[in-house]
Number of protein chains: 2
Amino acid sequence: MKKPTRQRLIEAARELFLSKGYEASSVADVLARAEVNSGSLYYFFKTKEQLLLAVLDEYVDLLEPMVLRPAFERVSDPLDRVFAVLAGYRQMLVMSDCRLGCPIGNLALEMSEKSEVVREKIALNFRNWRKAIRQCLVDARDRLPPDLDRHKLAAFILTVMEGGVMQARVHRSLEPFDASVATLKDYMDRLVEQGTTRPIQQANS
Amino acid sequence: MKKPTRQRLIEAARELFLSKGYEASSVADVLARAEVNSGSLYYFFKTKEQLLLAVLDEYVDLLEPMVLRPAFERVSDPLDRVFAVLAGYRQMLVMSDCRLGCPIGNLALEMSEKSEVVREKIALNFRNWRKAIRQCLVDARDRLPPDLDRHKLAAFILTVMEGGVMQARVHRSLEPFDASVATLKDYMDRLVEQGTTRPIQQANS
DNA sequence: GTCTATAACTCGATAGAC
DNA sequence: GTCTATCGAGTTATAGAC
């Protein structure tokens, strides 16, 4: 059975915005892909931008089932989970021959100056992503330096993912992504080593 | 005196593509900003895409005088120079209230799938950037681990810059950029420490 | 090399019947 | 809620005089 019209529109827009960006995807493209007529789209969404906002709302909802859960089901160690999440983005690069990257990062650079409300929704997506990663760092706090700033490190991990994906797409090669993730791994191994070999740990410090 | 028409067109396009992106900048916008008429633009450039390619060629030429030289003039230590380059991008964020980021990264995500020749020019810009950073790492090789993969680390540094700039623009805040650069600094300090404290260094190793 | 005028088309969005 | 027809503006690009 066909999904409801509104949902079909959001999915079509999501796919198009991911592969071609927002400006380059015309309303007509969305209509064709969703097999919906113009009148119906504008019944559900006042403007094309409202459709984008609905897509970004959906990404907020999809973080858990599409990004976190699949990664967390594969491994249970909190630090491994961080890299399992990153491996998920690698998988997207592999499957698309390095053509598709992070859907949010995509829209981030394109839309940040064009619409405040869109920018704020993208920021929300980033905040939720970092929060999930930060929780992994909290769960692994016994192996990490006690004075570690987990907010900073979570932002850094998102930075590495987005920067690695960007270079992979530009070079159509996994190499820069893998190099970036491997270097992050080296850094975090050093943090753990420091956490492990430091003198007797004090309670409540 | 007014600059030659062709140069005015490239500069106008450069500014517009930086602040609004390629698709969102119309040819009419470029013409107005450059104070040139349609006929002249199409005398120099066969299409809008050819104009973009000329802009990307100019960025290749501008890497040395606009990005590297100003940073390298301020400091001479090769590792400090890496962070001086990053500070240059921070300055761009500061001056634009976190609205303008890396011009190449901007176009990278927007244009990579739309045109192979554009993607290749963007890749060239990235390669040259990494090469300059790699030279800094070569110049500092005595303080870095002997088995360090400088290609990987240079890619990582570009990753950190691009990812940090992206988050800064989305959140309209320097915080994620500063957090990312500070974490990179921490990592590289650890590499130097390892290089410094490692046992008596063997020659030709 | 530069000018004006405009072709040929696509864009987002709307009207109004059903 | 969905359909078709279409508006008006904006798009890239061209023609042809100067």
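Below, chains carry the letters A, B, ... as their sequence lines are ordered, and counting in each starts from 1. When reading the values below, keep in mind they use all heavy atoms of this one structure, side chains included, and skip hydrogens, waters and symmetry mates.
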Among the nucleotides [options], which one has an atom lying closest to any side-chain atom of [X]?
| X | options | answer |
| --- | --- | --- |
| A:Phe44 | C:dG1, C:dT14, D:dG1 | D:dG1 |
| A:Ser38 | C:dA5, D:dA5, C:dG12 | D:dA5 |
| A:Asn37 | C:dC11, D:dC3, D:dT12 | D:dC3 |
| B:Tyr43 | D:dT14, C:dT2, D:dT12 | C:dT2 |

Honestly, is B:Lys114 close enough over B:Tyr22, meaning NZ or CZ under 6.0 Å from the six-membered ring centre and within 45° of the axis?
no

[N], OP1 or OP2 - any side-chain N/O from [X] closer than 4.0 Å?
| X | N | result |
| --- | --- | --- |
| B:Thr5 | C:dG1 | no |
| A:Tyr42 | C:dA13 | yes |
| B:Ser26 | D:dG10 | no |

Spacing of [X] atom [atom1] relative to [N] atom [atom2], expressed in whole Å:
| X | N | atom1 | atom2 | value |
| --- | --- | --- | --- | --- |
| A:Leu41 | C:dA15 | CG | P | 16 Å |
| A:Leu31 | D:dG1 | CG | P | 18 Å |
| A:Leu9 | D:dC3 | CG | P | 11 Å |
| B:Lys48 | D:dA13 | NZ | P | 8 Å |
| B:Glu35 | C:dT4 | CD | P | 13 Å |
| A:Leu52 | C:dG12 | CG | P | 13 Å |
| B:Tyr22 | D:dT11 | OH | C1' | 12 Å |
| A:Arg8 | D:dG1 | CZ | P | 13 Å |

Pair [X] + [Y], salt bridge at N-O below 4.0 Å:
| X | Y | answer |
| --- | --- | --- |
| A:Arg119 | A:Glu116 | yes |
| A:Lys20 | A:Asp29 | yes |
| B:Arg81 | B:Glu73 | no |

Hey, which sits more toward the 5' end of DNA chain C by its nearest nucleotide, A:Lys46 or B:Ser40?
B:Ser40

Do A:Gln167 and B:Thr159 pair up side chain to side chain, a donor and an acceptor below 3.5 Å, judged on atom types alone?
yes

